[in-house]
Amino acid sequence: MARGLPRTGSALLQSTAYHGRVSSECLFCRIVSGELPADVVHREKGIIAFTDIHPVAETHVLVVPERHIDDLRHIQDSDAELWLRMACVANEVAADLGHEQGYRFYVSVGSAGGQTVPHLHIHVMGGSMRRLPV
Ligand code: AMP
Ligand code: ZN
């Protein structure tokens, strides 16, 4: 459990639910829309962060833009503010979960880069890790 953070189903999270366009084919879009459940640890305009369903570290959170972007190769100059804010959310979630001393931040880019869910996301991993990503 994330300490001191709003949980899925809280009034705060419901009030910030996303009502924009999502792809019904995309797993993370379905989480963004609320169609699929997730252990949400942070939500703000344009960004959601939730626990990885198969955590490989004590903390393993995914920071995800609400808008569908396939992968990092598809961001544009106009996404600069979004990308910066995603990085700040990664820092904030890591700190909130007790990893002020540091954490692993990584992004898979495309299937050749190991990406299995084609919706941009940052992995935030902290504490003991059962295995490192290859
Ligand atoms: P990647 O392989 O870098 O694209 O990362 C995708 C991550 O999404 C993996 O670590 C999966 O465990 C995680 N994942 C897949 N389905 C879900 C889900 N329904 N909820 C949360 N995390 C998921
Ligand atoms: Zn998507």
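Atoms considered below: every heavy atom in the structure, side chains included; atoms not considered: hydrogens, waters and symmetry mates. In this chain, residues are counted from 1 in sequence order.
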Shared ILVMFWY cluster between [X] and [Y], side chains joined below 4.5 angstrom?
X    : Y    : result
I75  : V109 : yes
L36  : V32  : yes
V117 : I48  : yes

Are any non-hydrogen side-chain atoms of C29 and E35 less than 4.5 angstrom apart? no
Taking side chain as C-beta onward, heavy atoms only, is I31 less than 4.5 Å from F50? yes
Spacing of [X] atom [atom1] and [Y] atom [atom2] [to the nearest 0.5 Å]:
X    : Y    : atom1 : atom2 : value
L120 : D71  : CG    : CG    : 7.5 Å
D96  : T59  : CG    : OG1   : 10.5 Å
H99  : N91  : NE2   : CG    : 12.5 Å
W83  : I122 : CH2   : CD1   : 4.0 Å

Looking at [X] and [Y], what are the two nearest heavy atoms and their distance?
X    : Y    : result
M129 : A57  : CG-CB, 3.6 Å
A49  : V61  : CB-CG1, 3.9 Å
S108 : G114 : CB-C, 3.8 Å
H68  : D70  : NE2-OD1, 2.6 Å
Y106 : M125 : CE2-SD, 3.2 Å
V63  : M86  : O-CE, 3.5 Å

Do the ring centers of F105 and H123 come within less than 6.0 Å of each other?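 Ring centres of H123 and F105 not closer than 6.0 Å.
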With side chain to side chain contact (heavy atoms under 4.5 Å, CB included) as the criterion, how do R67 and L82 come out once you've worked through the C-alpha distance, each side chain's angles and the decisive distance to 0.1 Å? CA-CA 10 Å; R67 176 164 61 90; L82 173 66; 4.0 Å; yes
Considering only NZ, NE, NH1 and NH2 on the basic side and carboxylate oxygens on the acidic side, decide whether E66 and K45 come within less than 4.0 Å. no
With sequence neighbours left out, which residue pairs that include part of residues 83-94 fulfil the salt bridge (Lys or Arg N to Asp or Glu O under 4.0 Å) condition?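 Every salt bridge (Lys or Arg N to Asp or Glu O under 4.0 Å) pair that includes a residue of residues 83-94, provided the two are not neighbours, is E44-R85, R85-E92.
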Under the salt bridge (Lys or Arg N to Asp or Glu O under 4.0 Å) rule, what do E25 and R30 come out as? Steps first, then yes or no, please. CA-CA 8 Å; E25 305 297 319; R30 294 171 73 195; over 6 Å; no
For the residue pair H60 / T51, report whether a side-chain donor-acceptor contact shorter than 3.5 Å exists.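 Per modelled atom types, T51 and H60 side chains form no pair under 3.5 Å.
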Residues passing the side-chain hydrogen bond (donor to acceptor under 3.5 Å, both in side chains) test with Q115, sequence neighbours excluded, are none
Partners meeting side-chain hydrogen bond (donor to acceptor under 3.5 Å, both in side chains) with E100 (sequence neighbours left out):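 Listed in chain order: nothing, the list is empty.
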